[in-house]
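Structure first, then comments.
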Amino acid sequence: NKIKKFINFFNLKNVKIIDKDATKISEKDFKNFKFCLAILDMDLYLPTIAALNAIDKKISKNGIILFDEANKKLWEGEKKAMSEFLKNNQKRYLKKIISKSKQPDVILKKIK
């Protein structure tokens, strides 16, 4: 309900709520979607890596994946998933640490 109120308050369009276990999310959940910004606040490895793999082909060139805490020791899972994804896609994404921000702290920019 809070998310729906937020969407209505800001009059957001083209929003899709996926109500399922984040570890089971896949590219099929984003059928007919293309986007330029994804904000991930998963903290844990399994949902983060699943989300990254699910959205990879849906992020447009120059699109941004923004991580809440992928550069923090406290959330090793999110950091591990982001690092693994970047290693497997290093020719297609650039990583930038946001040094003057507590959160979010990492950006991946899709270059190809």
Same cluster or not: are Met42 and Phe30 linked, directly or through other Ile, Leu, Val, Met, Phe, Trp or Tyr residues, by side-chain heavy atoms under 4.5 angstrom apart? yes
Grouping I, L, V, M, F, W and Y whenever their side-chain heavy atoms are under 4.5 Å apart, do Leu37 and Phe33 come out in a common cluster? no
Which distance, rounded to the nearest 0.5 Å, do you find between the CG of Asp105 and the NZ of Lys96? 13.0 Å
Rounded distance [0.5 Å steps], NZ in Lys61 versus NZ in Lys109: 9.5 Å
Which atom of Ala22 lies closest to which atom of Ala50, heavy atoms considered: O-CB, 3.5 Å
Euclidean distance, Leu108 CG relative to Gln90 CD, rounded to 0.5 Å: 12.0 Å
Can you hop from Leu86 to Ile107 via hydrophobic side chains spaced under 4.5 Å? no
Distance col, row Ile7:CD1 vs Lys13:NZ, nearest 0.5 angstrom, shows 11.0 Å
Between the CG atom in Leu46 and the OG1 atom in Thr23, the distance rounded to the nearest 0.5 Å is 6.5 Å
When rounded to the nearest 0.5 angstrom, what distance separates CZ in Arg92 from NZ in Lys57? 8.5 Å
Ile3/Asn1 under side-chain contact (heavy atoms from CB on, under 4.5 Å): CA gap, chis, key distance, verdict: CA-CA 5 Å; Ile3 293 171; Asn1 275 339; over 6 Å; no
Answer yes if Ile97 and Ile111 sit in the same cluster of Ile, Leu, Val, Met, Phe, Trp and Tyr residues linked by side chain heavy atoms under 4.5 Å apart, and no otherwise. no
Single-linkage hydrophobic cluster Val106~Ile64, side-chain heavy atoms < 4.5 angstrom: no
Under the side-chain contact (heavy atoms from CB on, under 4.5 Å) criterion, do Tyr93 and Asp56 qualify, and how do the steps go? CA-CA 10 Å; Tyr93 288 89; Asp56 176 36; 2.7 Å; yes
Hey, does the Lys NZ or Arg CZ of Lys80 hover above the aromatic six-ring of Tyr45, less than 6.0 Å from the centre and inside 45° of the axis? yes
Ile55 and Ile25: CA distance, side-chain angles, deciding distance, side-chain contact (heavy atoms from CB on, under 4.5 Å) verdict: CA-CA 9 Å; Ile55 66 173; Ile25 203 164; over 6 Å; no
Are any of the side-chain heavy atoms of Glu27 and Asn53 separated by less than 4.5 Å? no
What do you reckon, is NZ of Lys34 surrounded by more than 12 foreign heavy atoms closer than 6.0 Å? yes
Where do Leu40 and Glu78 land on the side-chain contact (heavy atoms from CB on, under 4.5 Å) test, with the steps shown first? CA-CA 9 Å; Leu40 299 183; Glu78 187 171 308; 5.6 Å; no
Where is the tightest heavy-atom contact between Asp41 and Asp43, given as atom of each residue plus distance? OD1-OD1, 3.4 Å
Would you say Lys5 has more than 12 foreign heavy atoms packed within less than 6.0 Å of its NZ? no
Please report the shortest heavy-atom distance between Ile59 and Ala38, naming the atom on each side. CD1-CB, 4.0 Å
